[in-house]
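Worksheet for the structure shown next.
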Amino acid sequence: MNTTLKHWKESATLILAAGHRPGVASRTPRTVAAVSPQDSSCGPQQLPHKSRFDYDVLLLKRSGKSGFMPNAYVFPGGKVHSSDFSNEWLDIFKSFCNFSNFGLGNVTQPLETRPPIFATDRLKFGSPIPGEVAFRICALRETFEESGVLLVMPKVEEKSLLKSIEDKGDTAQGQPYKVNDLCSTELAKWRALVNQNPSNFIRMCRELEVLPNIWALHEWCNWLTPTGRYGVTRFDTMFFICCLQETPHTLQDEKEIVRFQWSTPSEVLQSYISGEFWIAPPQFYELSRMCRVPLLEDLHDFSSRRTREGCEQWLPVISLKDKAFLSLLPGDKDYPLDPSGEVGVGTSTDPQQEDAQDHSALHRFVTVDQNPINIQITITPKYNHLLPVVTFPHDLKSQS
């Protein structure tokens, strides 16, 4: 854990996509080129109708008593715990310690441009566990605590995984992952223990002889909480994505989480636009991205390949302009060179920035009055990522 951070708490979240029916492909998968971000139009588009999706995404409703984003629908996840960086994981993953990042491999992104959540040398804080591993453990543990979904791999499958890493140099699999089949009584027992003390996640893996399936989680994006929007607490959150062949049994914890739902990305966006519930801007953005890929197998293939590219850290910068509430993102023509968010920021007057940036470049959320979020984007995403589907409220309502 990085205990020197002044403004943010490190955390991890998991975008969990699951097929509607196990082992059934309802449509012919498209080619990778069909979901290439470079081929996407930047203007308004129609969302895919919900019937085109063969998968749902898990969203959890936070308690109204929560100190951070009360009543919001979010992906499962939470703060990193010291046990996620525990030396004890070296024994559990001992067969993988000689491989880069325990068999996850390396990204092609240069270290100097990596998000600090990964670029930080964890040995300086006394942990030999790489950030790429620890934050996946955090996402898996929090998902288990909040939703009861446990993504682990039996130790008996260790040899086949090792062979895959040795032969191919990576762990990418041809199909979305299967859900483990531990009995519900055993799951309930361990879920209660892990909720009591996160370090019990290590104990659970030892006694059940399982490995946290870190290889099923693919690096997706990194968001920081802007200043002054959601209370005092701010997070540096790593988002991972995982594709499952079928929808797992799910239960809310009745503490932080009061409800769960599995819905297609377009259904979630429609519900948000119609005012049925509220989702935070990062969830809105990532679900809009996923609307580019309505088939689970395509999403799995894209995310498992794209994870090697790395990602960019995004700190939204809040500004007001002509009665519109703006949330500027990296690449926008008005995004400041120093987006610390600690002072009132808006359009930068720094001549160096004015010379360096494209004056037509837009990458922002826009909200007018009490209307829902609208994304404006004219830039090409970095690291081979997807453009969000850009819509207006009437586009969404017409598809309900």
Side-chain angles (χ1 to χ4, degrees), residues 1-16 57-85 114-120 122 125 127 129-147 195 198 201 217 219-242 253 255-257 278-287 289 310-318 327-330 335 338-343 345 365 373:
M1 295 178 63
N2 189 346
T3 57
T4 64
L5 294 176
K6 294 181 180 179
H7 306 296
W8 291 281
K9 298 179 184 295
E10 293 179 316
S11 60
T13 196
L14 181 57
I15 304 172
L16 201 55
V57 177
L58 176 61
L59 286 171
L60 308 176
K61 183 180 181 182
R62 297 181 63 84
S63 166
K65 299 178 181 178
S66 174
F68 184 75
M69 293 188 181
N71 295 313
Y73 277 80
V74 297
F75 304 127
K79 289 188 296 184
V80 70
H81 187 265
S82 58
S83 63
D84 300 326
F85 280 96
R114 288 290 277 157
I117 203 168
F118 287 146
T120 299
R122 301 293 165 170
F125 301 101
S127 174
I129 310 300
E132 284 82 354
V133 174
F135 286 102
R136 282 173 167 85
I137 292 172
C138 172
L140 292 167
R141 174 183 55 76
E142 285 285 343
T143 297
F144 181 45
E145 289 181 26
E146 294 183 340
S147 70
N195 267 303
F201 195 57
L217 273 59
E219 184 176 319
W220 189 256
C221 60
N222 179 208
W223 288 83
L224 279 75
T225 310
T227 183
R229 283 294 292 160
Y230 307 106
V232 176
T233 305
R234 300 167 68 187
F235 292 95
D236 180 355
T237 304
M238 189 61 221
F239 285 62
F240 298 98
I241 191 168
C242 174
D253 64 9
K255 295 178 182 177
E256 293 182 28
I257 305 302
W278 183 74
I279 55 176
Q283 276 75 10
F284 183 91
Y285 195 102
E286 302 311 330
L287 289 165
R289 270 177 165 165
C311 70
E312 184 179 22
Q313 184 188 68
W314 287 358
L315 170 60
V317 172
I318 309 305
S327 187
L328 306 175
L329 298 172
Y335 196 77
D338 179 15
S340 64
E342 296 310 307
V343 296
V345 289
F365 294 112
I373 294 171

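In terms of modelled atom types and a separation under 3.5 Å, the side chain of Glu146 and the main chain of Gly77 share a donor-acceptor contact. At least one donor-acceptor pair closer than 3.5 Å links the side chain of Arg234 to the backbone N or O of Thr225. Remark: side-chain polar atoms of Ser327 are not paired, donor with acceptor, to backbone N or O of Ile318 under 3.5 angstrom. Checked by atom type and distance alone, the side chain of Asn222 never pairs as donor or acceptor with a backbone atom of Phe239 at under 3.5 Å.
Contact of the Leu329 side chain with the Trp223 side chain is registered, since non-hydrogen atoms from C-beta on lie closer than 4.5 Å. Residues Phe85 and Ile137 have side chains not in contact (no heavy-atom distance under 4.5 Å, counting atoms from C-beta outward). A 4.5 Å side-chain heavy-atom check between Ile257 and Ser147 finds every atom pair outside the cut-off. Counting heavy atoms from C-beta outward, Leu315 and Tyr335 have side chains that approach closer than 4.5 Å. Two residues are said to be in side-chain contact when any heavy atoms from C-beta on lie closer than 4.5 Å; Ile117 and Gln313 fail this criterion. Leu60 is not listed as a side-chain neighbour of Tyr73, based on a closest heavy-atom distance of 4.5 Å or more. The closest side-chain heavy-atom distance from Trp220 to Thr13 is not below 4.5 Å. Side-chain contact check for Arg122 versus Ile129: every heavy-atom pair is 4.5 Å or farther apart.
Going from atom CD of Gln283 over to atom CG of Leu59 covers 7.5 Å, rounded to the nearest 0.5 Å. The structure places SG of Cys242 at 11.5 Å from CG of Leu58, a figure rounded to the nearest 0.5 Å. Here CZ of Phe135 is found 13.5 Å from CG of Leu140. Values are rounded to the nearest 0.5 Å. In this structure, CG in Asp236 is found 14.0 Å from NZ in Lys79, a value given to the nearest 0.5 Å. Atom CD1 in Ile241 sits 8.5 Å away from atom CG in Leu14 (nearest 0.5 Å). Taking CD of Glu10 as the reference point, atom OG1 of Thr120 lies at 6.5 Å (rounded to 0.5 Å).
Contact detail for Arg114 and Gly310: the closest heavy-atom pair is NH1-CA, 3.5 Å. Here the shortest heavy-atom pairing between Cys221 and Glu286 reads SG-OE2, 3.3 Å. Residues Pro281 and Trp278 approach most closely at CD-CZ2, 4.3 Å, considering heavy atoms.
Screening Ser11, Cys138, Pro198 for a side-chain contact (heavy atoms from CB on, under 4.5 Å) with Val80, the sole residue that qualifies is Cys138. Results of the side-chain contact (heavy atoms from CB on, under 4.5 Å) test with Arg136 over Glu219, Met238, Arg141 single out Glu219 as the only residue that passes.
The aromatic rings of Trp314 and Tyr285 sit perpendicular, their planes meeting at an angle over 60°, well past the 30° parallel limit.
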